[in-house]
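Computed from heavy atoms alone, side chains included, the values below leave out hydrogens, waters and symmetry copies. Quick note on labels: first sequence line is chain A, next is B, and so on, each numbered from 1.
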Number of protein chains: 2
Amino acid sequence: MQKQTFLTKNQQIVLNLVEKSSQPLKAYSILFNVQKKGIKAPLQVYRALDRLVEIGKIHKIESRNAFIACQDSSCQISKATAFSICESCEKVTEINNSKLSKYLKNFKDNSGMKYSKYNLEFFGVCKKCKNK
Amino acid sequence: MQKQTFLTKNQQIVLNLVEKSSQPLKAYSILFNVQKKGIKAPLQVYRALDRLVEIGKIHKIESRNAFIACQDSSCQISKATAFSICESCEKVTEINNSKLSKYLKNFKDNSGMKYSKYNLEFFGVCKKCKNK
DNA sequence: TAATGTTTTGTTATATTATAACAATGTGTA
DNA sequence: TACACATTGTTATAATATAACAAAACATTA
């Protein structure tokens with residue numbers, strides 16, 4: 001049997017929830033919200049999340065241990081991600097800036113290491129919060 | 001009493017350990033290794049780590065939940081950090097590249113958000129591991 | 001279509017990471 | 001010395017994540 005290329009039921013349930021949310025969701029908050037759909041255990045959520053991250057449907061916000069739907073429909077894989085995070089309201093937005101991604105994809109330091117992936121998180125206070 | 005400007009005993013103990021390590025250390029591994037020095041509880045470690053991160057003596061590798069000593073002696077605060085992480089041996093190196101930091105410090109997207117901080121993690125396979 | 005091998009699932013338990021709450025202690029300043 | 005408040009120690013617990021393994025689902029091919 002080949003590795004699945006479609007989404008399984010649990011993956012679809014989790015993805016639907018994460019896509020509906022405008023904010024990153026935590027794993028146990030996802031669990032709580034999908035229990036009525038038959039997902040009972042943390043591992044079922046984590047497994048779905050793992051795969052969804054792997055195929056680029058969602059991203060993990062590492063500094064928040066939370067998951068957000070990919071906002072770029074053409075994204076197939078989570079290997080070049082950048083986010084802006086408001087430290088006041090915790091709003092997270094995926095940054096889709098071709099100059100930035102080009103710059104980072106081509107970045108080379110003197111370590112001789114080839115980078116196949118990066119994750120960038122910017123922090124600040126968003127416009128809305130600043131005007132409060 | 002003003003906020004402390006020096007390092008307290010626990011902070012110094014934790015910092016010494018982290019600085020001795022060539023690799024990022026996890027909080028509970030730190031705890032285990034400083035118990036002989038009188039630090040008994042996780043919270044004592046986490047409090048020391050929090051402060052050390054705050055003043056820039058150490059950085060947290062978010063994707064690994066681990067802590068590494070700052071490799072830039074002039075660094076006073078952890079507001080602009082970049083790391084390279086080998087996904088094979090887990091070696092982590094702080095990237096100190098003025099062009100990169102200048103580029104990221106000045107980065108502006110169209111959200112109107114002012115970024116006061118960023119954290120960037122590059123992933124790949126290091127030279128050593130690639131030659132194996 | 002039955003046998004096979006592999007992926008995926010469900011389930012229980014447990015490991016790992018991190019914080020809450022609060023009393024006690026230490027320390028600078030008035 | 002008295003105070004205000006920062007820091008500490010301590011216990012308990014919350015939050016995040018994975019191990020292990022049996023059962024079920026499914027594709028392949030014999």
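For B/Leu25 and C/dT17, the CG to P distance is 12 Å, given to the nearest whole Å. Taking atom CG on A/Asp50 and atom C1' on D/dA17, their separation rounds to 9 Å, with Å as the unit.
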I would like to know whether A/Ser116 and B/Phe122 meet side chain to side chain contact (heavy atoms under 4.5 Å, CB included); could you show each step before the answer? CA-CA 8 Å; A/Ser116 57; B/Phe122 280 107; over 6 Å; no
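Nearest to the side chain of A/Lys26, among C/dT11, C/dA18, D/dT16, sits D/dT16. Distance from the side chain of B/Ala41 is smallest for D/dT11 among the nucleotides C/dA18, D/dT11, C/dG10. When the nucleotides D/dT18, C/dT9, C/dA20 are ranked by their closest atom to the side chain of B/Leu43, C/dA20 comes out on top. In the set D/dT10, C/dA18, D/dT16, the nucleotide with an atom closest to the side chain of B/Tyr46 is C/dA18. Distances from the side chain of B/Lys40 to the nucleotides D/dT10, C/dT9, C/dA18 place D/dT10 closest. Of the candidates D/dT7, C/dT8, D/dT10, the closest approach to any side-chain atom of B/Arg51 belongs to D/dT7. Of the candidate nucleotides C/dG10, D/dA17, C/dA18, C/dA18 has the atom lying nearest to any side-chain atom of B/Pro42.
Side-chain contact between B/Cys70 and B/Lys57 is absent, with no heavy atoms from C-beta onward closer than 4.5 Å.
At distances below 3.5 Å, at least one donor-acceptor pair connects side-chain atoms of B/Ser101 with backbone N or O atoms of B/Ser98.
One donor-acceptor pair, N or O on each side, does fall under 3.5 Å between the base of D/dA17 and the side chain of A/Tyr28.
Applying the 4.0 Å criterion to OP1 and OP2 of D/dA17, one finds that B/Asn65 has every side-chain N and O outside that range.
Each of A/Asn10 and B/Ala27 was assigned the nucleotide of DNA chain C with the nearest heavy atom; the assignment lying further toward the 5' end belongs to A/Asn10. Residues B/Gln44 and A/Ser29 both approach DNA chain D. Their nearest nucleotides, taken by heavy-atom distance, put B/Gln44 toward the 5′ side.
Residue A/Asn16 forms a side-chain hydrogen bond (donor to acceptor under 3.5 Å, both in side chains) with just one option from A/Gln12, A/Lys20, A/Glu19, and that option is A/Gln12.
B/Lys60 comes within contact range of the sugar-phosphate backbone alone, with a heavy-atom separation under 4.0 Å but no base atom that close.
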